[in-house]
Amino acid sequence: MQYPPENVCFDCDSASGLEWHEVSGRGTINGYVVVHDSRLRMWVPQQPYNVAVIHIEEDHTINFFSNLPGTKADQVPVGSKVQVEFVETQSGQKIPEWQIVS
Amino acid sequence: MSPTQNAPASLYRTTEGLGVWEHRGKVAAVGIGHSPTARRWDERVESSIGSWAIIALRNAMEDAGVSPDQVDGLVIVPAATTGDLWAPGNPLPEDFAKTYEPTDNINDGISSMSAEWILKNMPELSNVQFTMHARTCMSDAVVVAAQAVGDGLTKTCLVLKTWNNLSGRYGHDAGSNALDDAPGNSQWTNPWGWGAAAITFAYLFDQYCRKYDKNHDMMAPFVVNEKRNGLLFPEGFWAQHRPEPLTVEDYLAARWIAKPANLFDCDLPIQIAVAYLFTTADRAKDMKQPPAYILNHASDRTKVKSSVQTLDECEQATDSIGRKLYEGAGITASDLSFENMYDGYTLFHQFHIEGLRYAGIERGEALDLYQTDISIEGPNPVSPSGGNAGSGRTRTWMHTDCIQQLQGRAGARQIKKKAEIGVSGGPTTTGGNFTVWSATPD
């Protein structure tokens, strides 16, 4: 597996054999960073904010980012289980986010 | 001459099992040339990276005792910043446009640097027959030049890297960083506020601390030592402009940028040009400075499988670099007198030196080493250059220091133990280029 999606295999640069895989949407919080000084203009008003890294259940080398909505800055429960949900950003993009389930 | 090409993959040593480098001890760096430094470009022609590149190149030739007509090769990194380029449509400062011959690239001499620009504006380099561009930074140019000299593509080669820093906050107003949505590849990072390399390396460090039961405070002796060494580097930005020592208390009290990365874990973007003169070992013997021989070079072309490099991937990549360097140089970790691996976020220096097994450390032990005597006076000098943290963002201090240490002219930074073999390179744990240097060719 590889993520984000690309049109070639990250390992062999070939496009043949690539296909979409459906996954459970479950994962684990592997770690996090608290951003206090972002380069991204649209994120400056949110500072400080969490960016956690989620390992999906099917393959722990595949990771997703999450702001863990509802979790206070620097209060991230590393190791907790999470479930994906798709949310719309302020600019209308739909992205995978993650909610703590245990 | 035909337009300068990027270095082909065949010049890099990227895999294990290649054996001892075929040009081991047959290529050397002799001359060093640094320009002045500045925090940002003031838009005067005299302080453009074009002007400073010419100064650095002339200084390197003078240092080696080589006349311009003896130079037959030029290896340059065209990219001159990881920040902002001169804005399209923004007219060049009038003096700059009057002073220098342009190329097709409006940024040349201001926020990029091609071999063509140098040859147009340094007519004294009349015998250059070989030019090549290296993609990323001086570490890349060093290995390209080493292999090119070894292969006989050039006999006396100038190697150049420039860094520019325009006005404004570095990277804050450029590209997708300034947008309210996330187009292209930024769709995989920006929607969560993952927007700078500092975050990537803060995350890797977070993983490292969890795995090995370490903490950010343990970085303090290393960062303080970096600044101390940097203030002993007369060519460096901090030594020239802001000779302010850093204390453990300063480090621990610094504001967070992306916790666990604080202000002093980040380097300061500056304006500078740095050049070296490379040649064959035979020619080097007759030059003005002693040769710093190259025993091997190796490169990492690690691909990251997902959104961010994992600690496992990082450790596998840096372990492999260590093995490749030692294999090609025909040495072991115990042969290193010192190391100058990259530190352009301080939080990944430990990955590099653990990959080397420097000073006998294993995985998870670098921060323990930092609690011992890692100074230039001690038995295990760590980064005697002071790196980017000690002298500003150039990704070159580590190479300059290796050459100077082995030549015995590192001045106040000269390590107390005998400098026999050193190693330098970077930048990151997701790809880089590395070199083993020696005071002798054997």
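Labels below follow one simple rule: chain letters A, B, ... track the order of the sequence lines, proteins then strands, and each chain is numbered from 1. What's counted below: heavy atoms across the whole structure, side chains too, no hydrogens, waters or symmetry copies.
- In this structure, the portions of B:A182 lying under 4.5 Å from any heavy atom of chain A include both its backbone and its side chain.
- Around the CD atom of A:Q90, the shell of radius 6.0 Å holds no more than 12 heavy atoms that belong to other residues, nucleotides or ligands.
- By the 30° and 60° cut-offs, the orientation of the rings of A:H36 relative to B:W256 is tilted.
- For A:V44, no part lies under 4.5 angstrom from a heavy atom of chain B.
- Proximity to chain B involves both the backbone and the side chain of A:Q2, based on heavy atoms less than 4.5 angstrom apart.
- No donor-acceptor pair under 3.5 Å is formed between the side chain of B:D206 and the backbone N or O of B:C209.
- Counting non-hydrogen atoms of neighbouring residues, nucleotides and ligands closer than 6.0 angstrom, the NZ atom of A:K81 reaches no more than 12 such neighbours.
- Between B:H216 and B:Y251, the ring centre distance stays below 6.0 Å.
- Per-residue counts of heavy-atom pairs under 4.5 Å with chain B were compared for A:T61, A:N67, A:T89; the largest is that of A:N67.
- In terms of heavy-atom pairs under 4.5 Å with chain A, the best-connected choice from B:A258, B:G195, B:S307 is B:S307.
- Neither the backbone nor the side chain of A:P48 comes within less than 4.5 Å of any heavy atom in chain B.
- Contact annotation for residues 17-32 of chain A against chain B (heavy-atom separation below 4.5 Å, listed by residue number): A:N30, A:G31, A:Y32.
- Comparing A:E6, A:Q47, A:M1 by how many heavy-atom pairs each has under 4.5 Å with chain B, the most go to A:M1.
- Interface with chain B: from residues 50-58 of chain A, residues A:V51, A:V53, A:H55 qualify, criterion being any non-hydrogen pair under 4.5 Å.
- Between the side chains of B:D312 and B:T310, not a single donor N or O lies within less than 3.5 Å of an accepting N or O.
- Inter-residue side-chain proximity for B:H352 and B:I321 is flagged as unmet; no heavy-atom pair is nearer than 4.5 Å.
- In the model, B:T346 has no side-chain atom that pairs as donor or acceptor with a side-chain atom of B:D343 under 3.5 Å.
- Side-chain contact between B:R255 and A:D37 is present, with heavy atoms from C-beta onward closer than 4.5 Å.
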TODO: Check step by step if side chain to side chain contact (heavy atoms under 4.5 Å, CB included) holds for B:R393 and B:I272.
DONE: CA-CA 9 Å; B:R393 179 175 298 170; B:I272 191 171; over 6 Å; no

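- Nearest heavy-atom pair, B:L347 versus B:A202, reported as atom, atom and distance to 0.1 Å: CD1-CA, 4.2 Å.
- At a threshold of 4.0 Å, the pair B:K305-A:D11 does not count as salt-bridged, since none of the basic side-chain nitrogens sits closer than that to a carboxylate oxygen.
- Your options are A:W43, A:F65, A:F64, A:Y49, and the one with the most heavy-atom pairs under 4.5 Å with chain B is A:F65.
- Sequence neighbours left out, not one pair with a member in residues 86-102 of chain A passes salt bridge (Lys or Arg N to Asp or Glu O under 4.0 Å).
- Crowding of B:D213 atom CG: a count of heavy atoms from other residues, nucleotides or ligands under 6.0 Å not exceeding 12.
- Counting only heavy atoms from C-beta outward, the side chains of B:Q350 and B:M218 never approach each other to under 4.5 Å.
- Among the candidates B:V308, B:T189, B:I199, B:N185, the residue making the largest number of heavy-atom pairs closer than 4.5 Å to chain A is B:V308.
- The ring pair (Phe, Tyr, Trp, His ring centres under 6.0 Å) with B:F351 is formed by just one residue from the set B:Y212, B:Y208, B:F201, B:Y342; it is B:Y208.
- With a 4.5 Å cut-off on side-chain heavy atoms, B:N164 and B:W86 do not count as touching.
- Of all residues spanning residues 7-16 of chain B, none has a heavy atom less than 4.5 Å away from chain A's heavy atoms.
- For B:N190, the parts lying under 4.5 angstrom from a heavy atom of chain A are both the backbone and the side chain.
- Counting heavy atoms from C-beta on, the side chains of B:W194 and B:W188 never come closer than 4.5 Å.
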